[in-house]
Amino acid sequence: MAKKKEMSRLANLTKGFFKENPIFVFLLGMCPALAVTSTMETGLGMGVLVILVLTMSNTVISLIKDLIPAQIKIPAFIVIIATFVTIIEMLTQAFAPALYEALGIFLPLIVVNCLILGRAEAFASKNGPLNSAIDGIGMGLGFTMALMLIGFTREVLATGAVGYGVYLPLGIEGSFINIDSYILAMDVFIGPAGGFIVIGLWLAVFQAFSNRNKRIKADTRKRWIEEKKREAAERKRQKAMKEAGETS
Amino acid sequence: MFEKLKIAFVLLLIGSISGGAIYGVNELTAPIIEENELAAQYEDYVNMFPDMSVSDMEEEAIEDDDYITKKITVYDGSGNQLGYIFEGKDENSQGSITVLVGIADGTLKDVIIASTTNTPNYVQPLKEDYISKLPGQSIDDLNYDSSTGATVTYDSITAIIDQVVLYTGDGPVVDPELLQYQTLIEEAEDFEAFLKYGRFAVESENTILDSDGAVLAYGFSIDINEETVRMLVAPDSTFLGAVPVSEEASSDTTDAVETLKTHEGSMLSTIDESSVPSPFTEAFTDMKTLVMDYTRINDVRIKEETVLDDSEQITGFIYTGFKDGNTSTANELQVDVDTDGAISALEIINHYDTPDYVSGDIEPKFDNFIGETLETLGDIDASSDDAFTGATNTGDSMLSIMTAALELHGKRAEYAEIYPDMVDYEKTFIQGYDTLNERLSILDGSGEEIGALYEGFQYNSLGSVTVHVGLANGEIVDVTIPTHDNTAGYVGDLVDNYLPNLDGQSTSDITYDASTGATITYSSIETIIDEAVQAENERDGE
């Protein structure tokens, strides 16, 4: 039986961006993707918190995976995740109160984010601490990228600008892009309906890229097979010619 | 067994470590979180009122209000009230918004967005370009800018401000006008609009109430040279003082107010109008006239005169009443009443409603009311076809004045039952007694006093009772009970069998009968009679 090829650390880190993006590919963690992406900054804030929780929980679960009996794996994972979420929540409330206010109920709800528990069960409980940490960072970055893309799109379409420093303790406050907001002013993109529309659009974009990649791969394979067939036919023809010469 | 113990131990271990970690972080962050919350909260407050003392402010949670959640009364370090901060919240299509609205001296002190989940790129321009225009505006005349482009957030903010203004007027919060009254009478908790007058310099009249809703005083707004002064008069006509509305009143106004202050505590009738500096002389006289000459019946000011013939015999009565009609300026109607208590003539002296309605729908219907008495008038509805079709608001004011006139006439009839020779009477308010409200000096045709009638009122365990005590020449003339809500059977027994025994008794030696069976009501009557006698003796002593 062939041994499964191990993924490189770089591939492990980057897989969450496109190939296994939690939101645009696996459709995991859709609740915050809708709820806290009315602005790019809140999306970024939620993403950073998820990276922290995911990385820490993955690492700890990976470290103690062999100590946890199979019967209590899920409750043990949830307790560990809930602990980190509670700690992150307290730290956010203390050091980034505006972000805490903006994320509201969705901050404690990270506990039940499918992405966190999914990576704990699918990856951290089967891999070493380093790879699990890298997986947490990579998937978290992919999740963050997706939230920021959705937030960016919604904010621009609704207001014509993208703000910064409002929720995160950046020390400065302002906005960039600044299209005349009266031209756009599509308030629908601030609300849940706009969230669904934007997520749908981005899913279509990712699906289109994915289909294109598959098509390219299929074409490449097809060309490779034809080349192999052509090479085989050539070899067969030369062999036949050789046998005919010997006979004559 | 070992497997189960292992599971339990692992769960215990994970739970303990988790609990310990959370405890540690909580210990670290709890003070910071608390500090953040307080700092954020008080930062906004202090930004609004830089002179405020945070430790002296009073916070009150507001429940059952669509917007307002909290009221903070702000004081400076010396305990002087600086104003109020209201916290209002709203949920809109973009999320939630919490706004702090500062009110001081009837103006918007400041408007601060304390927190919001609305779109930041809308909120920031709102703060800079629109909300900054609101501070300094009078809460009576707020101007909002409709072209913000951030209508969702701005609508929430203006809705909260409007609610604060409403709350300031109608809620338990003291509004600027009440604050002015409170400078004269601390117990004032609320006031109700009574009437607005057009003919007099008195702009409006309010009834000032205490926390139980009892009448403390009447507040008159007097408008002279576009400056308003509020004056307070107690129900017993004691002048309680005056205060200018504007803190930047002219020297004429402040001089007049200072002079008026010297009369505080005096009975209005004893204050010489000429001592009040110009331009308030006329206004003060008008107010005095209103208080001294006009009686309040329900929501009508009404004045009464007796009409005599050449032989000084009563031929009728004239009642002149003021009541707001279709406009907020009072109409004035003269109601002539004959000796049988029926309307004999009606004449509009002044009106401020639509002339065509008055001449077309009101005056032609007056003939229908000739001969009406208080009993029959009660069946008429101003809005019905048989009253004043087409001019119901004006008609309602006319009907109210007629009703008040006949009610006042009914009182006069009660007095006349005690003193059949009464031609007229003069009313003075009584102060310094627990039960007595007023004293009527009963006059004959030549203007001589033929007796006195005291009106007393007392709450008892069965309700309340009003008693009229007639005194003349050192004797009790009559004792009647015009209104009460005590047990009817007991009171009827008293009226039939016990009160007549008091008639004719000397006021120096009154014998009460303790065997009435209606001891509670009778006890109230005794108290009122004793106080009436005491008041009369003191008056005679003077």
Side-chain angles (χ1 to χ4, degrees), chain A residues 36 38-39 41-42 60 64 67-72 75-98 100-104 154-156 158-167 173-175 177-178 180-182 185 187-192, chain B residues 2-41 92-98 113-128 147-153:
Chain A
V36 300
S38 58
T39 69
E41 198 177 18
T42 49
V60 170
I64 62 170
L67 300 174
I68 303 173
Q71 301 96 312
I72 58 163
F77 291 172
I78 288 179
V79 170
I80 292 165
I81 293 167
T83 303
F84 284 119
V85 170
T86 307
I87 289 170
I88 291 291
E89 185 185 1
M90 289 173 175
L91 293 171
T92 308
Q93 194 178 2
F95 300 109
Y100 174 81
E101 287 288 329
L103 296 181
R154 291 175 68 181
E155 198 172 353
V156 168
T159 69
V162 178
Y164 57 86
V166 179
Y167 300 110
E173 190 173 334
S175 62
I177 293 186
N178 289 324
D180 186 347
S181 61
Y182 302 121
D187 280 348
V188 66
F189 287 103
I190 292 297
Chain B
F2 175 75
E3 189 64 22
K4 285 180 182 174
L5 283 174
K6 184 187 172 189
I7 289 171
F9 177 74
V10 169
L11 281 175
L12 179 67
L13 190 65
I14 291 174
S16 303
I17 294 170
S18 296
I22 291 170
Y23 172 78
V25 175
N26 184 57
E27 286 294 295
L28 173 73
T29 57
I32 302 171
I33 291 168
E34 189 178 358
E35 197 175 312
N36 284 349
E37 288 174 346
L38 287 175
Q41 195 177 14
N92 58 34
S93 61
Q94 295 184 5
S96 63
I97 183 166
T98 301
I113 298 176
S115 65
T116 182
T117 56
N118 285 196
T119 316
N121 292 314
Y122 283 153
V123 174
Q124 195 58 34
L126 263 185
K127 286 181 185 173
E128 292 166 0
S147 61
T148 62
T151 49
V152 173
T153 308

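All chains are named by letter (A, B, ...) in the order of the sequence lines, taking the proteins before the strands, and each is independently numbered beginning at 1.
- In this structure, the side chains of A:M90 and B:I22 come closer than 4.5 Å at one or more pairs of heavy atoms.
- Heavy atoms closer than 4.5 Å to chain B are found nowhere in A:V60, neither backbone nor side chain.
- Counting heavy-atom neighbours within 6.0 Å of B:F9 CZ, excluding the residue itself, gives a total of 12 or less.
- For the pair A:I72 and B:L11, the tightest heavy-atom approach, listed with the atom from each and the gap, is CD1-CG, 3.7 Å.
- Heavy-atom pairs under 4.5 Å with chain A were tallied for B:N26, B:L13, B:T117; the largest tally goes to B:N26.
- For A:E155, the part lying near chain B is the side chain, with the backbone staying farther off; criterion is any non-hydrogen pair under 4.5 Å.
- In this structure, the portions of A:Q93 lying under 4.5 Å from any heavy atom of chain B include both its backbone and its side chain.
- Test A:T86, A:I87, A:T83 against B:S18 for side chain to side chain contact (heavy atoms under 4.5 Å, CB included) and you get one pass: A:T83.
- Distance CG/B:N118 to OG1/A:T39: 12.0 Å, rounded to 0.5 Å.
- The CD1 atom of B:I32 sits 8.5 Å away from the CG atom of A:L91 when rounded to the nearest 0.5 Å.
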